[in-house]
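The structure appears right after this line, and notes come after that.
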Amino acid sequence: MTTEAVPGLRDGGAAPSVLRGGPLPAAPAAGETVLSWYETWVRETPDAPAVADGEHRWTYAELDAAAVAVADTLRGRVGPGDIVAVCLDRSAALVAVAVALARLGAVYLPLGPRPGERRLAAVAEGLRVVAVVGAPELLPPAHRTAEHLPLPVPEEGVNAIAGAVAAFRPPAAGARTAPDGTFYAVLTSGSTGTPKAVAVGQRSLGALLRWHRERTGLRAGDRHSLHVGVAFDPHLLELWSALTCGATLSVAPDEVRWDPGALADWWREAGITVAVSSTPMVEPLLDRPWPAGLKVRHIYVGGDRLRRRPGPDVTATIHNAYGPAEATVVCTAYAMRGEPADGAANGGAEGDGAEGHGAVDGGAASEPPAIGRPVAGAVVCVADERGRIVPQGEAGELLVGGDCLSLGYLDEELTARRFVAAPDALTGVERVYRTGDRVRLRADGELEFLGRLDDQVKVSGVRVEPAEVEAAFEHDARVRRAVVAVRRPASGGVRLVAFVLPAPGASPAARDLLGGVRAWLPEQAVPSEVHLVDGYPLDANGKVDRAALLDAAESATEAAKATEATDGPAAEGPAAAGSGTAGGLDDLAGSASEVLVLRLCRDLLAAPAVTLDDNFTEAGGQSLTAARLLAAIQDAVGVRLRAPEVLRQPDLRAVAALVDKRLAAAAEVS
């Protein structure tokens, strides 16, 4: 930690809340760009595996040949600075397209395989997207009828598609372009209902890759995960860190994305040595005995507040990573190793070349993990509402500067508001990004995350603006207004709760409303509860009182439970949660599995009106909820399902039947 004399520090005399990362490590290969580092391995180790996807393998030479073919196909239609939206899942095809766009100097804009038809259309209208890459049937309507150019991408692998195309149509008038030097762009949630696009250059991405390589000792022969959802910017760290170090990118199968147990099994089966994942996926693994036989040395977690520390049996270093997309994926990190039985934290160097880049876990076992110290080349400080650096130990807004900063947004006005001149006292830094996050620099020199200064929240690792969710509901003509509040259950995590005021004369069903917003939002932003209301309570400032709304909804839920217990099924009214119809547990004549599944789903979804005839997803279930359901079923009856199996079932009755089927199969084996 740097504790420098800062002239003009508020309450001068105390140590300032300023941290500087170490110097940038050496580049992973000769050359000065991310692409040139990758090309070095293509020349030097052409027969080494670059991508592994189940039984399929692509060498560096084969991957590069595919990338060259894609680039040649697009050349003349796509050039430097052009934005290309990519709607592909984790696969060799995705990697080949990313490399091809880098060769062309184009801007890679990852949206994921199913970004939502209206969301994708809004992006295409707001940004100067020259082409959209994906499966023809999943393109927005305007691009389905546009000119299609078949792309020669690999078609093997669990998430691969056949017949990928680049769809071309003239960009909308006035659409925003990317700043000069943009390497990739990524979407973050926007308060107007339209997502913000962040532009990232090779300099900041290269700085992150160099730090990551030294931190983990990543090298040829390693197997690095390609696990994170493609619309989430950490997948750029996964993709390019492996390719610039001669390592192998291992593509995670679908079930790994929702099931922590399946994730650990895949780490073992694929021989993963360096992994990136979301906090909600890794945290459950820290609550149980650490899986045996893992080769993974380093695991990066992020996207949500980590509440667990590794136990003495955890064999990997756990890095609690923090970083908005505006600061290129990761700008601070806190490394932890398993704690001895007495609860004291292990000290010592991180190993694998990580010395000098932060100590390993100096905190007490009872404290939530910090978000650590800045990555190499980054500078952070804590400031008050006037932008003055506060003394160490005082809370304030985290400002980030240095080599990790992105180029800004594709919206120049928004860039000017969020990327501001550095405080006068912060020497050697011209501009900083105002994160909107509230932090404190602890006495041990580690940053502690305290929450958001505004209403923006993270759900399952994805930043969500409640206002964007509200706007998605209000696209429906049956909705006059929507208010979204955040519930934080004692069990952990974050749940979005929507309170919808219907338009005059309209009486929409919660299930129908949820179906409509899915076209506008990423999965994590879809509320787990919807309540129809007659009006909104206001606070003393005349603003909607979200706390009062949540209290009223909780009271209604408790009343519904009490009614079920005494009088049987409760009728669904304007304040009822979820999307199902009522039905008590005591009226079931079916199997014990049906009772178990229904009870668990009602608890996990906080929706007592859900019945066996309801679909898990339409009732508010998400990938994180599915993972919790799987763990609860396994704990109760010893049956382990896969998340895709649950999400594909038409209703909860079918989920229970699947449990019965697995129980019967287990009985036959025994």
Side-chain angles (χ1 to χ4, degrees), residues 71 73-88 97-98 100-102 104-136 138-149 151 164-202 230-231 233 236 325-326 406-419 463 465 467-468 471-472 474-475 519-522 525:
T73 302
L74 295 175
R75 188 170 282 109
R77 304 294 303 274
V78 174
D82 286 339
I83 302 172
V84 177
V86 179
C87 301
L88 298 174
V97 169
L101 295 180
L104 294 169
V107 178
Y108 170 75
L109 174 61
L111 300 179
R114 294 174 179 82
E117 186 174 284
R118 294 178 179 177
R119 180 180 177 87
L120 181 53
V123 169
E125 291 298 319
L127 305 180
R128 193 179 183 281
V129 175
V130 301
V132 178
V133 173
L138 297 181
L139 297 176
H143 285 81
R144 291 176 197 164
T145 57
E147 178 189 356
H148 287 184
L149 186 62
L151 294 181
V165 300
F168 294 88
R169 65 185 296 263
R176 297 187 178 96
T177 59
D180 290 343
T182 302
F183 187 69
Y184 73 85
V186 65
L187 300 184
T188 65
S189 192
S191 60
T192 63
T194 300
K196 300 174 291 187
V198 180
V200 180
Q202 288 209 54
V230 174
D233 65 323
L236 273 301
E326 293 84 348
S406 69
L407 300 175
Y409 299 105
L410 271 64
D411 183 333
E412 293 182 357
E413 182 181 341
L414 182 58
T415 300
R417 291 203 305 266
R418 301 299 296 179
F419 291 80
R463 280 194 292 164
E465 289 269 9
E468 182 182 12
E474 290 165 0
H475 284 297
W520 288 95
L521 301 171

Heavy atoms of other groups near Arg418 CZ, more than 12 under 6.0 Å: yes
With sequence neighbours left out, write down each residue that passes side chain to side chain contact (heavy atoms under 4.5 Å, CB included) with Val130, or none if nothing qualifies. Val78, Asp82, Val84, Arg128
Just how far is it from atom CG of Leu109 to atom CG of Leu101, taken to the nearest 0.5 Å? 10.0 Å
One should read off an interatomic distance between His143 NE2 and Leu138 CG, to the nearest 0.5 angstrom, of 13.5 Å
Contact summary for Val129 and Pro171, nearest pair of heavy atoms: O-CG, 4.0 Å
To the nearest 0.5 Å, atom NE2 of His148 lies from atom CZ of Arg169 at 11.0 Å
Mind checking the CG-CD spacing from Leu414 to Glu326? Nearest 0.5 Å is all I need. 8.0 Å
Could you tell me whether the side chain of Leu236 reaches within less than 4.5 Å of the side chain of Tyr108, counting heavy atoms only? yes
In Å, rounded to the nearest 0.5 Å, how long is the span from OG1 of Thr188 to CG of Asp233? 9.5 Å
Nearest heavy-atom pair of Val107 and Gly81: which atoms, and what distance? CG2-O, 3.9 Å
State plainly whether the residues Glu413 and Lys196 are in salt-bridge range, i.e. N to O under 4.0 Å. no
Taken to the nearest 0.5 Å, the spacing of Leu407 CG from Thr415 OG1 works out to 9.5 Å
Taking all non-hydrogen atoms of both residues into account, name the closest pair between Ile83 and Arg176 and its distance. CD1-O, 4.1 Å
Partners meeting side chain to side chain contact (heavy atoms under 4.5 Å, CB included) with Ala197 (sequence neighbours left out): Leu127, Leu187, Leu410
Shortest non-hydrogen pair, Ser406 vs Val198, comes out as OG-CG1, 3.6 Å
If we only count heavy atoms from C-beta on, is the Leu88 to Val133 side-chain gap below 4.5 Å? yes
Holding to ring-ring contact (aromatic ring centres under 6.0 Å, His included), I want the full list of residues that pass it with Phe419, two or more places apart in sequence or in another chain. Tyr409, Tyr433
Compare every heavy atom of Pro179 with every heavy atom of Ala199, then report the nearest pair and how far apart it is. CB-CD, 3.6 Å
Heavy-atom closest pair, residues Leu111 and Pro115: O-CB, 3.5 Å
